[in-house]
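Heads up: the structure comes next, in structure tokens.
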Amino acid sequence: MQKGRFIVSLDFELYWGVRDQLSLQEYGENILGARTVLPELLKVLEAFQIKATFATVGFLFSRTKEDLLSAIPIRLPTYQEKILSPYLDHLSTIGDNEEADPLHFAPSLISLIAKAGHEIGSHTFSHFYCLEDGANLDDFEEDIKAAVKVASRNQINIKSIVFPRNQYTSNHLRICQENGIDTYRGNEKNSIYQFQKIKNENIFRRLLRFIDSYINLTGHHAFILKKRIPGEIYNIPSSKFLRPYNPALSILDGLKLYRIKSAMTFAAKNGLGYHLWWHPHNFGKYQTENLKFLKKILKHYQNLHHQYGFESTAMTDCEKVD
């Protein structure tokens, strides 16, 4: 029987991914904490022999502000909600390099990830919102070209993508494929997880997703492993977002752990894929507690690996093997 696959992906964005939603006063501790927790996270992944995919915002590759400005695509997104674009007011406020501005540059961290043997994928160049009003395919194509190019400058070949806010259409997938990207993280197959414009999200959907993290409302979201078909982009759908530690909710951590472990067991027993994801900045605060919880998940992975042959793979390596 086909062996199951355990896939881990992280959306690596630092402040680029939350700047339109949260201020530095609200979230700066988490972002700076991501820088200190990431080396420890890499040690944990190595200890449990986990191969992960770090879907990285293209801005983070630049070593200086001058480098970043030179990498900007010729077309910029024209969102109706101006705050969504980093190119307007926000870009002018960033520092000159990683030392001066650790919130917006991360070449040293990308180097650590690469040296640890993990896959570096794309999270678009500018944290591009594909479905927001004013975004168009021409702008997206230029953004993807810029993402691939800036990674290539750093000797990294981008083959996978995670879309910001999980927003995409078949046309966005086609553009990715035309630019050498052959794998993406799709969404869970349930209506509460289907992509939406930011303004169309509502408290009811968010509440259901929250409850589903602790109690099985929508299934295990393990998926059938398929062989790659030449000329088609390969979908590695999400199974579960790993919610970070919250002291106010710590009494529920046992439920959260059971929810994940039971789905992993189901995938391992049935030769299916299970895809866990989060952001490094989710671990930026309460680092000890978050890493301790992750170790419990990865210890369970080890048990499943020994018992059922459950295997850890990066996104681009996850496919059916006859």
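Fair warning: this is a prediction, and the values are worked out from it, not measured in the lab. Counting begins at 1 with the first residue of the sequence.
The shortest non-hydrogen separation linking Ile74 to Glu142 is CG1-OE1, 3.6 Å. Nearest approach of Ser108 to Glu98, heavy atoms of both residues: OG-OE2, 2.7 Å. Residues Arg153 and Ser70 approach most closely at NH1-OG, 3.9 Å, considering heavy atoms. Closest approach of Thr124 and Ala147 over heavy atoms only: C-CB, 4.0 Å. When all heavy atoms of Cys176 and Phe163 are compared, the closest pair comes out as SG-CZ, 3.8 Å. Closest non-hydrogen pair, Gln302 versus Ala47, comes out as NE2-O, 4.0 Å.
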Please determine whether side chain to side chain contact (heavy atoms under 4.5 Å, CB included) holds for the pair Ile211 and Leu207, giving the CA-CA distance in whole Å, both sets of side-chain angles, and the decisive distance to 0.1 Å. CA-CA 6 Å; Ile211 296 172; Leu207 177 60; 4.0 Å; yes
Phe223 vs His221, test: ring pair (Phe, Tyr, Trp, His ring centres under 6.0 Å). Steps then yes/no. CA-CA 6 Å; Phe223 53 90; His221 296 292; over 10 Å; no
Is there a side chain to side chain contact (heavy atoms under 4.5 Å, CB included) between Ile7 and Trp277? Walk through the geometry before answering. CA-CA 8 Å; Ile7 307 96; Trp277 70 278; over 6 Å; no
Test Lys226 against Glu232 for salt bridge (charged side-chain N to carboxylate O under 4.0 Å, His left out), laying out the working first. CA-CA 12 Å; Lys226 301 177 181 179; Glu232 291 187 9; over 6 Å; no
Any chance you could lay out the side chain to side chain contact (heavy atoms under 4.5 Å, CB included) test for Ile156 and Phe61, step after step, and finish with the verdict? CA-CA 10 Å; Ile156 292 170; Phe61 285 90; 3.7 Å; yes
Step by step, work out the side chain to side chain contact (heavy atoms under 4.5 Å, CB included) result for Leu225 and Leu272. CA-CA 6 Å; Leu225 298 162; Leu272 303 173; 5.8 Å; no
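Classified by interplanar angle (parallel below 30°, tilted 30° to 60°, perpendicular above 60°), the ring pair His279/His281 is parallel.
Taking the six-membered ring for Trp and the full ring otherwise, His305 and His300 have centroids separated by 6.0 Å or more. A ring-centre distance under 6.0 Å is found for His90 and Trp16. Aromatic pair Phe59/Phe125: ring centres closer than 6.0 Å.
A donor-acceptor pair shorter than 3.5 Å can be found between the side chains of Thr64 and Asp67. In summary, the side chains of Glu40 and Gln287 do not present any donor paired with an acceptor at a separation below 3.5 Å, with no hydrogens or angles considered. If you check the side chains of His275 and Ser9, you find a donor sitting under 3.5 Å from an acceptor. Side-chain contact of Ser238 with Arg185: a donor-acceptor pair under 3.5 Å is absent, judged by distance alone. For Asn246 and Tyr286, the side-chain atoms include no donor-acceptor pair closer than 3.5 Å. Side chains of Ser23 and Glu26: a donor on one and an acceptor on the other come within 3.5 Å. In this model, no donor atom of one side chain and acceptor atom of the other lie less than 3.5 Å apart for Glu188 and Thr218. Residues Glu119 and Ser160 bring a donor and an acceptor atom of their side chains to less than 3.5 Å of each other. Using a 3.5 Å distance cut-off with no hydrogens or angles, the side chains of Asn282 and Tyr245 do not pair a donor with an acceptor.
Judged by distance alone, the side chain of His118 and the main-chain N or O of Ala52 form a donor-acceptor pair under 3.5 Å. Not one N or O on the side chain of Tyr214 forms a donor-acceptor pair closer than 3.5 Å with the backbone of Asp253. A donor-acceptor distance shorter than 3.5 angstrom exists from the side chain of Ser262 to the backbone of Arg259, with no hydrogens or angles considered. Under the 3.5 Å distance criterion, the side-chain polar atoms of Thr56 are matched with a main-chain donor or acceptor of Phe54. In terms of modelled atom types and a separation under 3.5 Å, the side chain of Arg35 and the main chain of Pro102 share a donor-acceptor contact. Put simply, the side chain of Lys65 gets close to the backbone of Ser92: a donor and an acceptor are under 3.5 Å apart. Within the 3.5 Å criterion, the main-chain N or O of Pro107 finds no donor-acceptor partner in the side chain of Ser111. Counting only distance, with no hydrogens or angles, the side chain of Lys82 and the backbone of Leu88 share no donor-acceptor pair below 3.5 Å. With hydrogens and angles ignored, the 3.5 Å screen pairs no side-chain donor or acceptor of Asn166 with any backbone N or O of Gln194. No donor-acceptor pair closer than 3.5 Å links the side chain of Asp20 to the backbone N or O of Leu84.
Lys256 forms a cation-pi arrangement with Phe293, by the criterion of a distance under 6.0 Å to the ring centre and an angle within 45° of the ring axis.
Both Leu69 and Tyr15 belong to a single network of hydrophobic side chains, linked directly or stepwise wherever heavy atoms of I, L, V, M, F, W or Y lie under 4.5 Å apart. Each of Tyr258 and Leu294 belongs to its own hydrophobic cluster when Ile, Leu, Val, Met, Phe, Trp and Tyr are linked at side-chain heavy-atom distances under 4.5 angstrom. Using a 4.5 Å cut-off between side-chain heavy atoms of Ile, Leu, Val, Met, Phe, Trp and Tyr, with links allowed through other members, Trp278 and Tyr184 fall into the same hydrophobic cluster. Hydrophobic clustering of Ile, Leu, Val, Met, Phe, Trp and Tyr side chains at less than 4.5 Å, counting indirect connections, keeps Tyr193 apart from Leu276. The hydrophobic clustering, which links ILVMFWY residues whose side-chain heavy atoms are closer than 4.5 Å, places Val44 and Ile50 together.
Side-chain contact between Tyr274 and Ile260: present, with at least one pair of heavy atoms (C-beta onward) separated by less than 4.5 Å. The closest side-chain heavy-atom distance from Thr265 to His220 is not below 4.5 Å. Contact check for Phe12 versus Leu38: side-chain heavy atoms found under the 4.5 Å cut-off. Residues Arg243 and Phe210 meet the side-chain proximity criterion, which asks for heavy atoms closer than 4.5 Å.
Interatomic distance, Ile229 CD1 to Ile233 CD1, rounded to the nearest 0.5 Å: 13.0 Å. For the atom pair CG (Asp139) and CZ (Phe128), the distance works out to 5.0 Å, reported to the nearest 0.5 Å. Taking CZ from Arg5 and CZ from Phe310, the interatomic distance works out to 9.5 Å, rounded to the nearest 0.5 Å. Distance check: Leu137 CG to Ile144 CD1 gives 11.5 Å after rounding to the nearest 0.5 Å. A distance of 12.5 Å separates CD1 of Ile161 from CD of Gln177, quoted to the nearest 0.5 Å. If you take CD1 on Ile158 and OG on Ser122, they are separated by 5.5 Å, rounding to the nearest 0.5 Å.
A salt bridge links Arg174 with Glu178: the distance from a Lys NZ or Arg NE/NH1/NH2 to an Asp or Glu carboxylate oxygen falls below 4.0 Å. Between Lys240 and Asp212 a salt bridge is recorded (basic side-chain N to carboxylate O distance below 4.0 Å).
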